[in-house]
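Keep in mind that what you see is a predicted model, and the values were worked out from it rather than measured.
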Amino acid sequence: MNPQAFPTPPEFNASCPRGEELVEMLDRGELRLLNQTCSFGSGKWDWRLGQVDEHRLWTVTLHYHQWMYELAKVAVQPSAVGSNAMRLWTESLTDWLESCDYDQPGTQPLAWNSYAIATRLGWSIRSWRLLSGASIQLDPSLENRWRDCLYRQATHLSRNIEWDLRANHLLRDAVGLAWAGRFFDTDRSRRWLETAQRIAVQQAKEQVLDDGSHFELSPFYHLEVMDDWLSLAILLPHAECRQVMCKTWKRSAEYAAWLCHPDGKVAQFNDGAAIDAAATLAHGKAIGEGTSITPCQGGRHFPDSGVAVWRGEPWTIFWDVGDVGPDCQPGHAQADTLNIECSFKGQRLFVDPGCYSYDNNENRRYDRATRSHNTVCVDGTDSSEVWHIFRVGRRARPSDVQIHFDDTGLTGTATHDGYRHLPGSPTHRRQIQMDRDQKILISDSITGTGEHEVEGGWLLDPRWTATAVADGWTLSSGEETLQLKISSQQTLQLAMQPSPYHPDYGVEIQTIRLSWQYSGSLPLHVRCEVSP
């Protein structure tokens, strides 16, 4: 093996087991990706080709080959486990090359999906350089087939760049082309680098908003894209382009530092997992831009992403007062306008329902629905029209957003028009106020005319329990106790409902949703008070 010499970006978050655990799992014919263990076969591997309707995200992650890189890291170790890992690595790569090449049936939907190729190129080239650096000698036939396949993948990617999807997909395509452009040394590979640089600079202007947020408005994908800016800052050869990538990463890091709960995990607005931001921020050391998440205290309104943040004692609050996503690509949007997440004394309290998977099923519909979020739902209708897996039609538009901060915390109001199409043109307005007694007041007003079914509520972090009292609930977690009171001039029905919480892909934890329901004429005014 003779890889080109070039700097290597840091390794990013692994979605699979590592070390001996990975070897033992593959020996059993299983593989865990994204917190889900599936049968994978042994010797004759199950690559899940063809049209896949279940475990779609698991399947495309399988074809990223990050797990094969983790296997290669074990294979270079001089031990019995290392020898076994080398055998498994060789068998799996050989079978993938035979079963999953472009001309094999069923490889088009996911295995040769452009995003999968772009991601796989990075992990495959890492594997090549790792094995080469350890002087591992592959069978010459396998080595040539592997190298030829990598070249064909990069060629296919360069001809199928995801200009239609844009967003994080287009940026990842640039990263894949940059990896291949540095690895190979041909006229064509140099053109791949030129294309990667054009996309990178263009998308830095398009995808990062003036307040530093990523325009898909998902904190999770914000972190994903930060890793791509970092990779491009290291892989691209021209100094001016690298400087643009470094500045883009730095702006993104400052935003990410604000979007963290006290536990270090990001708010979960829109799609994605509530993952720890520390590792992503620490990777900035590779370009001299490491950022700490601890200094961010006080209040900040990010007007472009539409997020208001208060980070203090005892409350941390994130309030979504922005659009659901960019008009050109809202695929990772959820119908969560005016949604709130918060922590009390360092512990999550009100949580987002999360994102379990990207299958067209009940989990996906639950995660995206308005009634699953910490906001208000009218007539069982989503505030933005989300459908299928990544589709969004009619969209709620926030207005009259006013955010203020002082030494007591956050005060603000915001309105959205997501229900104006319903009979009587309902409009939802929310106010938040924090006072010196550490009390939070959240007032919801639904104006309009006619008879309507209205509901709102709060999804509790599973570490909290709730006990019903006359006007709400007593919330308890360890030594902490809070009072949640609901009041209105109209008659409300209060309920405690078992509900799922998806803090990470493939993870479902049962928790409680505390809700209020109203049936009658508008206007309606509901006041929620949370106090120690």
Side-chain angles (χ1 to χ4, degrees), residues 53 56-57 60 113-115 162-172 203 206-209 213-222 224-225 259 266-273 302-307 318-341 352-399 401 414-422 425-428 430 459 502 505:
D53 295 323
R56 284 168 42 85
L57 186 58
V60 75
N113 167 291
S114 292
Y115 188 91
E162 295 168 283
W163 297 108
D164 55 336
L165 288 178
R166 304 186 74 81
N168 68 90
H169 278 247
L170 183 54
L171 191 64
R172 182 61 58 85
Q203 292 307 299
E206 177 175 313
Q207 294 197 30
V208 179
L209 304 179
S213 61
H214 183 248
F215 77 157
E216 289 188 270
L217 308 183
S218 156
F220 170 84
Y221 279 98
H222 182 97
E224 286 277 293
V225 167
L259 267 287
V266 292
Q268 212 169 353
F269 295 150
N270 284 331
D271 281 348
F302 295 91
D304 300 298
S305 64
V307 177
F318 303 96
W319 187 20
D320 184 353
V321 292
D323 290 331
V324 296
D327 287 344
C328 67
Q329 173 47 294
H332 284 302
Q334 298 183 2
D336 62 350
T337 305
L338 305 191
N339 182 36
I340 292 174
E341 286 188 34
D352 188 275
C355 185
Y356 185 81
S357 67
Y358 293 144
D359 294 337
N360 186 22
N361 57 20
E362 287 304 316
N363 274 333
R364 184 63 174 153
R365 286 185 280 277
Y366 169 84
D367 289 339
R368 302 183 88 196
T370 299
R371 68 196 314 167
S372 305
H373 290 84
N374 303 317
T375 185
V376 173
C377 180
V378 178
D379 293 338
T381 303
D382 289 328
S383 55
S384 291
E385 184 186 14
V386 292
W387 55 284
H388 207 266
I389 303 175
F390 298 111
R391 298 291 183 257
V392 184
R394 169 192 46 77
R395 296 155 204 187
R397 300 293 183 182
S399 62
V401 177
T415 302
H416 78 80
D417 63 358
Y419 301 120
R420 293 291 296 273
H421 67 288
L422 296 175
S425 300
T427 299
H428 177 205
R430 170 164 278 185
L459 190 66
H502 301 138
Y505 293 118

For [X] against [Y], the heavy-atom pair lying closest together:
| X | Y | answer |
| --- | --- | --- |
| Gly331 | Gln329 | N-OE1, 2.9 Å |
| Pro330 | Val392 | O-CG2, 3.3 Å |
| Thr370 | Tyr419 | CG2-OH, 3.4 Å |
| Ala333 | Val386 | O-CG1, 4.2 Å |
| Ala335 | Ser384 | CB-O, 3.5 Å |
| Asn374 | Leu459 | OD1-N, 2.8 Å |

Please tell me if the side chains of [X] and [Y] come closer than 4.5 Å, counting only heavy atoms from C-beta onward.
| X | Y | result |
| --- | --- | --- |
| Gln203 | Arg166 | yes |
| Asn270 | Glu216 | no |
| Arg395 | Ser383 | no |
| Arg368 | Val324 | no |
| Asp320 | Leu217 | no |
| Asp271 | Phe220 | no |

message: Among Ile340, Thr415, Val321, which residue satisfies the side-chain contact (heavy atoms from CB on, under 4.5 Å) criterion with Arg430?
response: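 For Arg430, the side-chain contact (heavy atoms from CB on, under 4.5 Å) check succeeds only for Ile340.
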Before accepting this row, confirm whether a basic side-chain N of the pair [X]/[Y] lies closer than 4.0 Å to the acidic partner's carboxylate O.
| X | Y | value |
| --- | --- | --- |
| Arg391 | Asp382 | no |
| Arg172 | Glu224 | yes |
| Asp417 | Arg394 | no |

Approximate separation, where rounding is to 0.5 Å, of [X] [atom1] and [Y] [atom2]:
| X | Y | atom1 | atom2 | result |
| --- | --- | --- | --- | --- |
| Thr375 | Asp336 | OG1 | CG | 8.0 Å |
| Phe215 | Glu206 | CZ | CD | 5.0 Å |
| Asn339 | Gln334 | CG | CD | 8.5 Å |
| Leu165 | Cys328 | CG | SG | 10.5 Å |
| His332 | Tyr358 | NE2 | OH | 4.5 Å |
| Asp323 | His416 | CG | NE2 | 12.0 Å |

- prompt: salt bridge (Lys or Arg N to Asp or Glu O under 4.0 Å) between Asp53 and Arg364: does it pass, once the steps are laid out?
  reply: CA-CA 13 Å; Asp53 295 323; Arg364 184 63 174 153; over 6 Å; no
message: I want to know whether Phe269 and His373 have ring centres closer than 6.0 Å.
response: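 Here the rings of His373 and Phe269 have centres that are no less than 6.0 Å from each other.
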query: What class does the angle between the rings of His169 and Tyr115 fall in, given that below 30° is parallel, 30 to 60° is tilted and above 60° is perpendicular?
result: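 Tilted.
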- prompt: His502 vs Tyr366 aromatic rings, parallel, tilted or perpendicular, using cut-offs 30° and 60°?
  reply: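 Geometry flag for Tyr366 against His502: perpendicular rings.
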- prompt: Under the side-chain contact (heavy atoms from CB on, under 4.5 Å) criterion, do Gln268 and Ser218 qualify, and how do the steps go?
  reply: CA-CA 7 Å; Gln268 212 169 353; Ser218 156; over 6 Å; no
- prompt: Can you tell me if Asp304 uses its side chain to pair, donor with acceptor, with the backbone of Ser213 under 3.5 Å?
  reply: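 Flag not set: sc Asp304 to bb Ser213 has no pair under 3.5 Å.
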